[in-house]
Amino acid sequence: MAEQQGSRRLQELDAAHHLHPFTDSQALHQKGTRVIERGEGVYLWDTDGHRILDGMAGLWCVNLGYGREELIEAADRQLRRLPYYNLFFQTTHPSATELAATLATLLPGDMQHLFFTGSGSECNDTVVRMVRHYWASQGQPERKVIISRHNAYHGSTLAGAALGGMKPMHAQGGLPLPDIVHIDQPYHFGEGQGRDPGEFGLERARQLEQKILELGPERVAAFIGEPIQGAGGVIIPPASYWPEIRRICKEYDILLVVDEVICGFGRTGHWFASEYYGLEPDLLCMAKGITSGYMPLGAVAVGRRVAEGLIGGGEFFHGFTYSGHPVACAVALANIEVMRRENIVGRVHDDIGPYLQRAWASLGDHPLVGETRGLGLVAALELVADQRDLRRFDSTVGAGLICREHCFEQGLVMRAVGDTMIISPPLVISHAEVDELITKARRALDLTHQTLIHN
Ligand SMILES: *Cc1c(COP(=O)(O)O)cnc(C)c1O
């Protein structure tokens, strides 16, 4: 009773004063917000006392789960010793420097330099500034165009949203910005049904080549992509896709930028998905899992070629007050230490990743499911109206949202991207917790089926 009054009060205050990200405010306040107040391991509790299995690790970030003492203590120690200092004017602090050096040991290829930001979006803004500054430093200032993909997600600042390929975001912001263009995504289920996946992957990759030739290679600065698209619906490209992208970037001397904000830090069973795909990017964005979400932090890793250009290119007029915030860096160092000590990446690769993927694939027999896919600890399934011909629901049905609601009622956070249901649980999830996730997901699919039949 007292609990419910507490929730009501917060919901009212929230409706009166708080504008939420990516939210239709009126619709939200008609339904009422859920107030999440506590987390432990893979579980969350709301102010009404419900326990919820967090199948999304917050927003793809709480990789070590909630309540990790090592991370809390690292923040506490750093707050007491040096809560803030900047990195602008001939100064550094130990946690930023140590973190840069530590990340350099984990990164693929020849990435030995790091630029810190406060978020994934800021990483992508930094990328735009960096690649253009780099090419200018090489005497090719006309190389400005960055090629991205429809339905990519690169954040919500102006540059992040412009690089991203989310049409509703572009429509509200006068986007994309000049000299940012998009090609089609390698989404086989959504856009290549009935096609051979290998051929489809090659065709989508070769759109990059066509676009470069159309624009003139001398105008193109970089290609950017998420190794696996996250917010777009966990889109895992056919195996033919990335090798072809890599070939094209090499052939036309285009910088390759990978946005590993979701894929980095063990999500795919590798420290970075670039290892899995055999990529040697020139720039690599990371955020989210870098601190397990305990503090906001992002970093752009820079390969040798671009680093040399930047180092020799005079002052780079770019940075944030909170670039390399000492508390965030201290938490990131503790996060990496725990990941190493507990062999989290190896466990995702050899044990819990395959375990989850097997269990997830078993949902494929459900009459609502047209496809299951996944890698490591990220996975998706496609809701379909007819399993035989893979016909999708009319978008007005809102099947994904109905399923998401049923998941929540079952005590499971699963996200809906249209009618694609996605999960990205904490990397520390146990076998028993995976079993619970799958049981709840299947029950939610059953309930969704019933709801859709009765409508
Ligand atoms: C979340 C995300 C971002 C944006 O990160 P923020 O910290 O929300 O700014 C950028 N790229 C990818 C791939 C993401 O998933």
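We use all heavy atoms of the structure for the numbers below, so side chains are in, but hydrogens, waters and symmetry mates are not. Both ligands and their constituent atoms are indexed starting at 1 by order of listing.
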Within the heavy-atom cut-off of under 4.0 Å, ligand 1 is lined by S119, G120, S121, N124, Y153, H154, G155, E226, D259, V261, I262, K288

Give every donor-acceptor pair under 3.5 Å between a side-chain atom in residues 271-288 and any protein atom, sequence neighbours left out.
| residue | atom | partner | partner atom | Å |
| --- | --- | --- | --- | --- |
| S274 | OG | E260 | OE2 | 2.7 |
| D282 | OD2 | L256 | N | 2.9 |

With a 4.5 Å limit on heavy-atom distance, are the side chains of E382 and D419 in contact? no

Could you state the interatomic distance from CG (L427) to CE (M339), rounded to the nearest 0.5 Å? 6.0 Å

With E308 via salt bridge (Lys or Arg N to Asp or Glu O under 4.0 Å) - residues at least two apart: none

Sorted by chain and number, sequence neighbours left out, side chain to side chain contact (heavy atoms under 4.5 Å, CB included) with R347 holds for D351, I352

Quick one, I235 and N151 - any side-chain contact, counting heavy atoms below 4.5 Å? yes

